Number of protein chains: 2
Amino acid sequence: MRKRATRRPAIAVSASGTHRSAGRPAQKVLSKELITSAALKLIEASGYDALTMSALARRLGVAPSALYNHVKSKHDVLLLLQDHLMNGVDVSGFGTLPWPEAVRNWAWSYRDVFAQHSPLIPVIAVLPVTGAPRTLQMYEELTRGFLDAGWPEPLVVPAIVALESFIFGSAFDVAAPEDIFETGELADSSPHFTSAVRARQLPADGAPADAAFRLGLDGLISGLDAQRREWADAASTAG
Amino acid sequence: MRKRATRRPAIAVSASGTHRSAGRPAQKVLSKELITSAALKLIEASGYDALTMSALARRLGVAPSALYNHVKSKHDVLLLLQDHLMNGVDVSGFGTLPWPEAVRNWAWSYRDVFAQHSPLIPVIAVLPVTGAPRTLQMYEELTRGFLDAGWPEPLVVPAIVALESFIFGSAFDVAAPEDIFETGELADSSPHFTSAVRARQLPADGAPADAAFRLGLDGLISGLDAQRREWADAASTAG
DNA sequence: ACCTGAACACCGTTCAAGT
DNA sequence: ACCTGAACACCGTTCAAGT
């Protein structure tokens, strides 16, 4: 059932359509930046299924094996993409807005970016920050924002991780089909759930995923803030 | 760099080692249940990379193509696994324990199960409940627990989705390497974050992921409970 | 150093043939 | 209906040869 695409020949053809013979070219035709932007265009045009090393090479007018002079593996390409996308995450609120609003803005923009790139989430969630400079920069600004808001240093990283976990999970949820909770023929065996699905609060303006994200994010932000105060109280009592 | 395994011949060999010739066998040798448990054993022994249709067939003493009489695709196998694993999620607290404790127990067991099966998370997060009877049963018991605890029906599904999103994201986090936040050579450009990583609260008994999960879960539970109360207040004022 | 082109060792899936 | 065995259309990756 696989769609059979009309394939151009496998030989490398540059953007201008002229053939390039083997051997080191006069000036390099590839770079990490070019690979990243070509991958992004490919995904925007045809989705993550279309992101193969072959397709990427074809779009760059190069043989697939040429990519391996710049990346170690396809996983490397995903890391490049991930770090690039961090540019789209809004950390501008930290330092200007109160902590809850700054976190809220950050979280929504973070979720929105990766909802469009959910196949990257398993990659990010496990990604060492070494070699992901933009990601690290985001963590730095985030940390400064938390400390400025009075967060005790030992809680900053766990709080960020907790928020990120919620964001990653929620980004998947955006990709879920509308009818994910339709119980169908099994409705009789799950009467309470079936009824709750029908009665669920849906935002007038947005998708069902937005209602859950708003509820959870607001709950998480106020709950974390309460734990910060508890920690401060315990510390002042103990000290 | 791929490891080259010594392969047995591709012809189907039953568990007893005798060869089975083509044609419908006297009694069926496969079923969804057998496929599910073989897949589980394969994953436990060698991880998700080893879960290929070929390897699955080999373990079942069958040709790969035989699997397609029982599942439509490899994705189908993942769905079978996912629903099976829901047996390990603890919903026993609902109806006996107070809501926060019941939710806490459920969330920890849910995270623990899927932390061991993180490749399934992208599958579950988008899975229609139709055709996942155990999953649906879990939602039913969860919904009953929420309603019994006084949750307004419109908020039940969004609250469950928010908790699940946090759980899925946290399950990935368990799989992350210990040194995920080591900033390495970039430490100079991220002084606050580097310091916060060193100062972070680590549980004496568990992994770093556990500290973040506990912090986030407790925050989320108390934050959601507060929103439930707000909703009830607004409703009584409006009514 | 950085490209080409051929080759390698896999994948998941389909399908005619067999009982 | 439910197996086998061969074939198909891909994958990602490696490597000698070329400049």
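Note on naming: letters A, B, ... go to the chains in the order of the sequence lines (proteins, then strands), and numbering restarts at 1 for each one. These numbers were taken from a predicted model, which means no experiment stands behind them.
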Q) In chain order, what residues pass the side chain to side chain donor-acceptor pair (under 3.5 Å) check against B:R104, with sequence neighbours excluded? A) B:E101, B:D218
Q) Hey, where does DNA chain D pair up into stems, meaning at least three consecutive Watson-Crick or G-U pairs with distances under 3.5 Å? A) C:4-8 with D:12-16, C:12-16 with D:4-8
Q | Atom pair distance, as rounded to whole Å: CZ in A:R24 and P in C:dC2 | A | 6 Å
Throw together a table of side-chain donor-acceptor distances under 3.5 angstrom for residues 170-187 of chain A, partners on residues two or more places apart or in other chains.
{"from": "A:S170", "atom 1": "OG", "to": "A:F166", "atom 2": "O", "distance (Å)": "2.7"}
{"from": "A:T183", "atom 1": "OG1", "to": "A:T194", "atom 2": "OG1", "distance (Å)": "3.1"}

Q. What's the closest nucleotide to the A:P25 side chain, out of C:dC2, C:dT4, C:dG18?
A. C:dC2
Q.
Once side-chain contact (heavy atoms from CB on, under 4.5 Å) is applied, do any residues pair with A:N87, and if so which ones, sequence neighbours excluded?
A. A:H84, A:R134
Q. Of all heavy-atom pairs between B:D83 and B:P133, which one has the smallest distance, and what is that distance?
A. OD2-CD, 3.1 Å
(Q) Restricting to side chain to side chain donor-acceptor pair (under 3.5 Å), what partner residues turn up for B:E164, sequence neighbours left out? (A) B:Y110, B:Y139
Q | Protein-nucleotide distance (A:R58, atom CZ; D:dG12, atom P), rounded to Å | A | 11 Å
Q. Which residues within residues 68-80 of chain A lie with some heavy atom under 4.0 Å of an atom in DNA chain C?
A. A:N69, A:H70
Q: Whole angstrom is fine here: how far is it from CG in B:L60 over to C1' in D:dC2?
A: 14 Å
Could you tabulate the donor-acceptor pairs under 3.5 Å formed by side-chain atoms of residues 111-119 of chain A, not counting sequence neighbours?
{"from": "A:R111", "atom 1": "NH1", "to": "A:D210", "atom 2": "OD1", "distance (Å)": "3.1"}
{"from": "A:R111", "atom 1": "NH2", "to": "A:D210", "atom 2": "OD1", "distance (Å)": "2.8"}
{"from": "A:H117", "atom 1": "ND1", "to": "A:Y48", "atom 2": "OH", "distance (Å)": "2.7"}

Q | Sequence-distant partners of B:D90, side chain to side chain donor-acceptor pair (under 3.5 Å), two or more places apart | A | B:S92
(Q) With side chain to side chain donor-acceptor pair (under 3.5 Å) as the rule and sequence neighbours excluded, what pairs involving residues 67-82 of chain A come up? (A) A:Q82-A:T135
Q) In terms of side-chain heavy atoms of A:T52, which of D:dG12, C:dT4, D:dT4 is nearest? A) D:dG12
Q: Let me know the distance between CE of A:M53 and P of D:dT14, rounded to the nearest Å.
A: 10 Å
Q. Between C:dT4, D:dT4, D:dT13, which nucleotide has the shortest distance from any of its atoms to the side chain of A:P64?
A. D:dT13
Q: State whether the distance check finds a donor on one side and an acceptor on the other, under 3.5 Å, for side chain B:S65 versus base D:dG5.
A: yes
Q.
Just the rounded figure in Å: distance from C1' of D:dC11 to CG of A:L56.
A. 14 Å
**Q.** Exercise: identify the closest heavy-atom pair between A:A50 and A:L42
**A.** O-CD2, 3.8 Å
Q: Give, ordered by number, those residues of residues 27-48 of chain B having at least one heavy-atom distance below 4.0 Å to an atom of DNA chain D; if nothing qualifies, reply none.
A: B:K28, B:V29, B:L30
Q: Can you sort out the partners of B:S31 under side-chain contact (heavy atoms from CB on, under 4.5 Å), two or more places apart, ordered by chain and number?
A: B:E33, B:L34
**Q.** A:S189: partners by side chain to side chain donor-acceptor pair (under 3.5 Å), with sequence neighbours left out
**A.** none
